[in-house]
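For this chain, numbers begin at 1 and follow the sequence in order.
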Amino acid sequence: MTLALRPAVPLDAGAVGDILYRFQQDTEWMPKLYTWAEVISFCGLMIDRGWVTVAERDGSIAGFLAQDGQEVCSLYLAPGACGQGAGKALLDAAKSSAPRLTLRTFAANIRAQKFYQREGFAETGRGDGTGNEESLPDIAYEWRAKQEAAA
């Protein structure tokens with residue numbers, strides 16, 4: 001049950017897209033805006049841009065993180081993978097690559113909020129949903145490495 005992180009490759013688009021699509025479909029408050037094929041295509045684009053790191057356990061992708069510079073664009077886990085360290089490992093890897101990270105999460109996603117706060121992110125603002133495709137209220141967070149936070 002070893003967890004390994006690696007850059008995503010184009011052939012991962014299906015597995016990564018399935019994780020994102022399942023979240024959309026299985027989350028009651030999440031609007032169902034995209035088809036499975038559209039989500040796969042979007043994930044393929046993020047992979048092609050070099051943004052995606054996957055967490056793999058026993059040959060299966062347990063989760064992924066998409067990062068564009070200092071922005072964490074996506075962090076999603078496969079159903080059943082929460083609480084097993086994949087999210088923390090992905091976030092720790094992102095932290096090691098930048099002195100500062102920003103991200104947004106939906107206000108309805110209480111579990112994500114607790115996770116990010118536990119991992120040292122601080123709330124920096126709130127949106128009313130006009131700034132995202134889902135039209136859902138969201139929360140902005142920021143994390144700074146200790147040496148930068150002290151400056």
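Leu65 and Val16 end up in different hydrophobic clusters when Ile, Leu, Val, Met, Phe, Trp and Tyr side chains are linked at under 4.5 Å. Under the 4.5 Å side-chain heavy-atom criterion for ILVMFWY residues, a single connected hydrophobic cluster contains both Ile47 and Ile19. Follow the hydrophobic side-chain contacts under 4.5 Å out from Leu77 and you never reach Val54; the two are in separate clusters. Hydrophobic cluster membership is shared by Trp36 and Tyr76, with clusters built from Ile, Leu, Val, Met, Phe, Trp and Tyr side chains linked at under 4.5 angstrom. Under the 4.5 Å side-chain contact rule for hydrophobic residues, Met46 and Leu91 do not share a cluster.
Partners of Asp18 according to the salt bridge (Lys or Arg N to Asp or Glu O under 4.0 Å) rule, which considers only residues two or more places apart in sequence or in another chain, do not exist here. Judged as a side-chain contact (heavy atoms from CB on, under 4.5 Å), and not counting sequence neighbours, the contacts of Glu134 are Met30, Pro31, Leu33, Phe106, Asn132, Leu136. In this structure Ser60 satisfies the side-chain contact (heavy atoms from CB on, under 4.5 Å) test with no other residue, sequence neighbours excluded.
A donor-acceptor contact shorter than 3.5 Å links the side chain of Ser97 to the backbone of Ala94. The main-chain N or O of Ala145 is never found under 3.5 Å from a side-chain atom of Lys95 such that the two would form a donor-acceptor pair. In this structure, Arg104 contributes its side chain and Arg126 its backbone to no donor-acceptor pair below 3.5 Å. The backbone N or O of Thr35 lies less than 3.5 Å from a partner atom in the side chain of Glu38, making a donor-acceptor pair. Counting only distance, with no hydrogens or angles, the side chain of Thr27 and the backbone of Phe23 share a donor-acceptor pair below 3.5 Å.
If you take OG1 on Thr124 and CD1 on Ile139, they are separated by 10.0 Å, rounding to the nearest 0.5 Å. Rounded to the nearest 0.5 Å, atoms CZ (Arg49) and CD (Gln67) are 14.5 Å apart. Rounding to the nearest 0.5 Å places CG of Leu101 at 9.0 Å from OG of Ser96. Note that CG of Leu45 and CD1 of Ile40 are 13.0 Å apart. Values are rounded to the nearest 0.5 Å.
Using modelled atom types and a 3.5 Å distance limit, the side chains of Thr105 and Gln113 yield no donor-acceptor pair. With hydrogens and angles left out, the side-chain atoms of Tyr34 and Glu133 include a donor and acceptor closer than 3.5 Å.
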* To do: Verify side chain to side chain contact (heavy atoms under 4.5 Å, CB included) between Arg144 and Glu142, making sure each step is shown before the conclusion.
  => CA-CA 7 Å; Arg144 289 182 182 267; Glu142 179 182 61; 3.3 Å; yes

* Verdict with supporting geometry, Thr102 and Val72, side chain to side chain contact (heavy atoms under 4.5 Å, CB included) -> CA-CA 6 Å; Thr102 62; Val72 175; over 6 Å; no

* To do: I would like to know whether Arg6 and Asp12 meet salt bridge (Lys or Arg N to Asp or Glu O under 4.0 Å); could you show each step before the answer?
  => CA-CA 11 Å; Arg6 64 171 175 78; Asp12 293 326; 2.7 Å; yes

* **Full working for side chain to side chain contact (heavy atoms under 4.5 Å, CB included) between Glu123 and Tyr116** => CA-CA 9 Å; Glu123 183 178 324; Tyr116 292 126; over 6 Å; no

* Please report the C-alpha distance between Val52 and Cys43 in whole Å, then the side-chain angles of each, then the deciding distance to 0.1 Å, and finally whether the side chain to side chain contact (heavy atoms under 4.5 Å, CB included) criterion is met. => CA-CA 9 Å; Val52 180; Cys43 290; over 6 Å; no

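Counting all heavy atoms, side chain and backbone alike, Ile61 lies closest to Ala15 at CD1-CB, 3.8 Å. Shortest non-hydrogen contact noted between Ala93 and Leu5 is CB-CD1, 3.7 Å. The two atoms that bring Asp48 and Pro10 nearest to each other are OD1-CG, 4.2 Å, heavy atoms only. Considering every non-hydrogen atom in both Ala62 and Ala86, the closest pair reads CB-CB, 4.3 Å. The minimum heavy-atom distance linking Gln84 with Arg57 is given by the pair O-NH2, 3.0 Å. Gly17 and Val39 get closest at one heavy-atom pair: O-CG1, 3.3 Å.
Between Phe121 and Tyr141, the ring-plane angle classifies as perpendicular under the 30° and 60° cut-offs.
More than 12 heavy atoms of other residues, nucleotides or ligands lie within 6.0 Å of CZ in Phe115, so this atom counts as buried by the packing criterion. Counting heavy atoms of neighbouring residues, nucleotides and ligands inside a 6.0 Å radius, atom NZ of Lys32 exceeds 12 of them.
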